[in-house]
Amino acid sequence: MIRIRNFFIAIIVAALALSCGGGGSGSSSSMSGMHNVVATGVITGFGSIYVNGVHFQTTGAVIVKNGQTVDQSQLAVGELARIKGQANQSDGQGDAEEVDVDETVVGPISAIDTTNNAVTVLAQTVKINAGTSFGKSIQSGDITGLTMSEVIRVDGMRDASGNIVATRIDQGSSSDPLQVVGTVAGLDSMAHTFMIGSLIVDFSSANLEHFPSGGPSNGDTVEVQGTSFNATTTTLTATELRRLMTDLEEGGEDMNVEREGLITNFMSATQFDVGGQAVTTTSSTMYTNGTASDLANNV
């Protein structure tokens with residue numbers, strides 16, 4: 001089922017729920033109504049944790065942020081989380097086994113565009129809108145509270161142009177590792193470099209994690225961390241390079257997958273991507289709060 005709903009105020013998002021493997025019904029409990037699920041979306045509240053309209057209990061859950069195990073108190077509304085666990089769609093209740101948050105970009109601001117409500121961080125354009133949550137240390141709660149060279153921590157969704165539509169911005173520290181999450185493109189395996197948008201990533205001396213082939217490939221979603229960024233050449237020298245599993249890899253067979261994100265690579269109402277996940281619709285696809293004609297890039 002694809003659900004089209006208002007995302008805060010300024011944009012619309014699509015939330016995708018699809019059944020993976022040999023039929024999702026084999027993983028459900030007829031007594032509890034619970035289904036195994038991998039749910040990716042914006043954190044909208046706590047009291048455990050709310051993602052994609054489901055209230056997930058987190059007692060006993062492993063919570064990881066930027067590759068490090070943390071307490072739930074270090075998470076915030078507006079951050080993007082991927083939850084692996086069980087959920088009952090009929091009553092909106094669930095139990096989380098794992099909660100994983102990876103901030104999309106962490107680094108100093110190199111440009112501020114108040115006309116277009118955007119900033120640049122590590123050669124990534126970060127768009128700010130009325131739905132962007134701000135940390136308490138950014139007192140104005142909008143772009144006017146940001147300053148040049150200030151380190152910020154950004155959660156957000158990539159749009160069809162590869163820009164980051166910010167769901168949350170927090171003030172960072174000069175001691176924070178530089179970080180960017182994105183898709184590998186323009187891989188040069190000899191020079192050990194690739195591109196994430198306009199950013200060049202030099203991974204020649206990086207510690208590599210979770211790459212089945214031994215190194216990155218074009219199309220991989222990766223988390224890059226480093227301590228050195230050359231603004232002149234827009235090159236981030238990576239110290240850590242980690243491949244992020246896809247929802248389907250994370251969930252395996254007999255797992256429901258639900259993803260909230262912006263539509264990208266829109267070919268037609270039956271063929272497009274949501275947050276990097278390919279989507280196919282059919283004549284039996286159900287829509288809520290919209291129709292197939294509402295589908296387009298950046299919806």
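Predicted model, so just to flag it, every value in this text is computed and none were measured.
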Please confirm whether the backbone N or O of [Y] pairs with a side-chain atom of [X], one donor and one acceptor, at under 3.5 Å?
| X | Y | answer |
| --- | --- | --- |
| D220 | V222 | no |
| E150 | T147 | yes |
| K65 | Q74 | yes |
| D113 | N116 | yes |
| T132 | N129 | yes |
| Q124 | I196 | yes |
| T104 | G156 | yes |
| T167 | E79 | no |

Point-to-point distance, once rounded to the nearest 0.5 Å, from [atom1] of [X] to [atom2] of [Y]:
| X | Y | atom1 | atom2 | value |
| --- | --- | --- | --- | --- |
| T264 | N298 | OG1 | CG | 8.5 Å |
| D100 | I63 | CG | CD1 | 10.5 Å |
| I143 | T115 | CD1 | OG1 | 9.0 Å |
| D247 | Q277 | CG | CD | 6.0 Å |
| L187 | F203 | CG | CZ | 5.5 Å |

field: Lys/Arg-Asp/Glu bridge criterion (N-O < 4.0 Å) met for K84, E97
entry: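 Between E97 and K84 there is no salt bridge, as every charged N stays at least 4.0 Å from the carboxylate O atoms.
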
message: Salt bridge or not between K136 and D170? Use side-chain N to carboxylate O under 4.0 Å.
response: no

query: Using the benzene-type ring in the case of Trp, are the ring centres of F56 and Y50 under 6.0 Å apart?
result: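 F56 vs Y50: aromatic centres not under 6.0 Å.
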
field: Among E249, E209, E223, salt bridge (charged side-chain N to carboxylate O under 4.0 Å, His left out) partner for R243
entry: E249

message: Using side-chain heavy atoms (C-beta onward) and a distance below 4.5 Å, is Q179 in contact with V105?
response: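 No, too far: nothing below the 4.5 Å cut-off.
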
